[in-house]
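Following: one structure in structure tokens, then a few remarks.
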Amino acid sequence: MLEIKNLHALAGDRPVIKGIDLNIAAGEVHAIMGPNGSGKSTLSNILAGRPGYTVTQGEVRYAGQDLLDMPTEIRAREGVFLAFQYPVEIPGVGNSYFLKTSVNTVRTHRGEEELDAMDFLSLCQEKMKLVEMPGELMDRAINEGFSGGEKKRNEVLQMLLLEPKLCILDETDSGLDIDALRIVAGGVNAMRSPDRAMLVITHYQRLLDYIVPDHVHVLQDGKIVRSGDKHLASELEAKGYGWIGQAE
Amino acid sequence: MKRVASQELAKQWAAAFPAFADTLDEPASLRFLREEALAHFSDLGLPHAKLEAWRSTSLAPLERSAPSAPVDGSPDPQALLATAHRVLGDTPMPQEMAARAVFVDGHLCPEASTLPGDASPIAFSPITFGPIAFSPIAFSPIAHSDPAEPDSQILPPGFGELASPKQDSFVALNTAFFNGGGLVEIGASASDDAPVHLLLISSGSAGLVCPRFLVRARAGSRATVVLDFVSEGSGEGLVNAVCEIFVEENATLDCVLLQREGSKAIHIGNLHSQQQRGSQLRAHTVTLGGALVRNALEAHLGDEGAEVDLRGLYIGSDDEHIDNHTLIDHALPHTISRQVYKGVLGDRSRGVFRGLVHVRPNAQKIDSSQSNKNLLLSEKARIDTRPQLEIHADDVKCSHGSTVGKLDEEALFYLRSRGLSKNDARGLLTRGFTAEICEALPGQALSDFVRDQAMDALSRCGTKEPT
């Protein structure tokens, strides 16, 4: 589903990604771990199309297409979803209006019929239960005044509603207490399916206790320096990132 | 097109005054008041860029359109009515209004209006000619001639008390030429039901139009008055409106100024308010169109516990110029003022915000805040913003600030990453920026209506990606 080949990229004018190769097939959950500044968030931002990054070498193919050539909104409509590390607060724009617009834009792109207000509401209520999201958050402006946990639930709710093919979770565990983490992970796990791929980016192993990956990669200084199965995560947790550097 | 220098234009208007005044069937005392105002106008001339208050606003659009002075004090009512019906048929109108008074070029069209009944606590009357009852709100022409006693008191109490022709040339011009508008009397039993809608239609062919309003909210009353300015076609001409507002003890008044005239309209508005103890005035100024719009708003907080809340939204496109000048006079202690003005400027439009909060000596325990936020949608749009404080007391809480910015790139990316197109994302963010002002309008129907009108204005002003 996702093929990253020899990717090099700048964040601003600073080289951050220095040659990443990664293949993710449908049905797989990959985790990328790494210390701060290793390029984890840069990678997820490049995949989602955030401005401010320049790819200098390599390519990214998504479902056979050149991902880097697609505008952000087309990537989203084609099924790429980034759950933000820091979801943006947008005063004055109602959360439910935004979600409905988003869902219907994506549905139209897929050739499906738009949902009317009633159908959207019942779909929304069903998905909100999965992330235990209070109904009043729908009547507020997007993420405005939401707690850290509520913002992350709102991200996962969007993912549940949009049903993407490739889910990228950027440090979704940051700022969550254990209960919120469990709820958010539950929402993500509900999305696991044979035709959906996931890329979970995290600093800590904690999240991977709840979202158990098929593959774990360690990113250091813009390169994947080690790959393994889920046990690699616990080994990292026990020995720290310094251990990888010494091992090489 | 002919361009007439503003001082020359002022002379032309002054010269046209006697013929105009002769067509009015008015007592000598009123004629005298007009002549006095005209003398002030001639002394003051039209404002120019050397005056501090006019430094950022040029009258060039006025010089280009050079509207002529009114020649006839009593135009053909059938023609006015026909204009009223055409505009009412073509223009979206706010719903759920308690009463609607329709004016064409300042003149009331009773046949097109739904005036309040005798039982209503609001009365409306032409300003010179006796209240037309809308109880508890009375609406009447602003001056009344009583044929039996031609020199009796014909102007409502308070007329000219707040808006003085001695200091401002547009107020002087209005006082000389006013011919229409009305007196809105809000009785003590009025209690915040549906708004009174004063619809001011500019026919675009009348040249200089000077509507004059006086609103008096009696002690303890609650009401909403909407002054809604529209035009037929592009709205050429000058609408020079003056509105004086008296809010008596413990009364609450929402006054909505909605300006949605055409692209050639020139609108100069002077709104002056005086508040008594414990009263609340909320003035909402929403400017959605016009070649040159200037709103001067002066709020006098004349007694303790008086509270004024000014909210403004302006949306500029093409070469429009929108100027909001506010002055808050904290004359006595324990008075509160809040100001939130927001502007969205696209194309080559230009905005001006200048707000002065004045705290007089010994006016302690003042609470005042002032904020002006602007969104510039194009490289060529411009805003001059200057919130100012002048404080002569020491125990006060005053804040002010202004911001000028573009759409937030982070927020744009967030929306696009959820599938929204660039244009949809820009539109949504811009609407979000304006929502605060629309939502603060009294009543859901009015709030929804203004939001929809604002969205139309936004769709004209380059919320689309510049290409």
Side-chain angles (χ1 to χ4, degrees), chain A residues 44-53 70-95 97-110 114 140-144 151 154-155 157-159 161-164 166-168 170, chain B residues 286 311-313 315 340-344 371 373-375 377 401 403 405-441 444 447-448 450-452 454-455 457-459 463-467:
Chain A
S44 59
N45 286 331
I46 287 171
L47 295 177
R50 184 192 291 264
Y53 300 91
M70 294 152 80
T72 297
E73 59 269 33
I74 303 300
R75 298 183 199 194
R77 293 175 201 171
E78 288 282 329
V80 177
F81 183 92
L82 170 66
F84 280 49
Q85 183 179 2
Y86 303 110
V88 185
E89 296 194 14
I90 307 182
V93 180
N95 201 29
Y97 180 81
F98 156 63
L99 292 180
K100 183 163 170 272
T101 309
S102 169
V103 166
N104 279 334
T105 306
V106 171
R107 288 181 68 93
T108 306
H109 184 80
R110 289 190 201 137
E114 289 197 5
R140 303 241 297 261
I142 304 171
N143 294 325
E144 195 185 35
K151 284 180 183 169
N154 201 23
E155 292 295 288
L157 173 66
Q158 291 167 28
M159 193 164 95
L161 286 168
L162 294 177
E163 302 184 329
L166 173 65
C167 308
I168 305 162
D170 187 6
Chain B
V286 178
R311 285 168 186 272
L313 172 64
I315 298 174
V340 181
Y341 275 77
K342 286 186 147 185
V344 180
S371 140
K373 293 182 178 164
N374 297 282
L375 195 53
L377 296 180
T403 61
K406 296 177 181 175
L407 289 172
D408 179 7
E409 289 294 333
E410 262 306 290
L412 272 178
F413 172 63
Y414 189 68
L415 296 178
R416 290 178 66 202
S417 79
R418 300 301 182 249
L420 275 68
S421 71
K422 234 181 205 182
N423 281 339
D424 286 351
R426 288 172 67 90
L428 204 56
L429 289 181
T430 312
R431 291 208 297 273
F433 177 80
T434 61
E436 181 186 2
I437 306 296
C438 300
E439 283 164 9
L441 287 162
Q444 196 62 44
S447 175
D448 289 349
V450 172
R451 189 200 56 220
D452 290 348
M455 277 165 63
L458 287 172
S459 67
T463 46
K464 298 223 179 327
E465 178 76 356
T467 46

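Proteins come first, then strands; the chains are lettered A, B, ... in the order of their sequence lines, and each starts at number 1.
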- When you check the gap from the basic side-chain N to the acidic O, do Glu89(A) and Lys151(A) get nearer than 4.0 Å?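 Judged by the 4.0 Å cut-off on N to carboxylate O distance, Glu89(A) and Lys151(A) do form a salt bridge.
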Can a donor-acceptor pair be found, under 3.5 Å and without considering hydrogens, that links the side chain of [X] to the backbone of [Y]?
| X | Y | value |
| --- | --- | --- |
| Arg311(B) | Ile437(B) | no |
| Glu144(A) | Pro91(A) | no |
| Arg107(A) | Glu114(A) | no |

Chain B contact via [X] - side chain, backbone, both or neither, heavy atoms under 4.5 Å:
| X | answer |
| --- | --- |
| Thr105(A) | side chain |
| Arg50(A) | both |
| Leu99(A) | neither |
| Asn104(A) | neither |
| Pro164(A) | neither |

- Message: I want to check a possible cation-pi pair here: Lys342(B) against Phe433(B), using under 6.0 Å from ring centre and within 45° of the ring axis as the test.
- Response: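 Verdict for Phe433(B): a cation-pi partner in Lys342(B).
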- For Glu410(B), is it the side chain, the backbone, both or neither that has a heavy atom under 4.5 Å from a heavy atom of chain A?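 It is both, since atoms from each part get that close.
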- Select, from Val80(A), Leu162(A), Val106(A), Leu82(A), the one with the greatest count of heavy-atom pairs under 4.5 Å involving chain B.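 Ranked by heavy-atom pairs under 4.5 Å with chain B, first place is Leu82(A).
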- Query: So among Asp408(B), Leu412(B), Leu428(B), Leu429(B), which one has a side-chain contact (heavy atoms from CB on, under 4.5 Å) with Ile90(A)?
  - Reply: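 Checked Asp408(B), Leu412(B), Leu428(B), Leu429(B) against Ile90(A); only one passes side-chain contact (heavy atoms from CB on, under 4.5 Å): Leu429(B).
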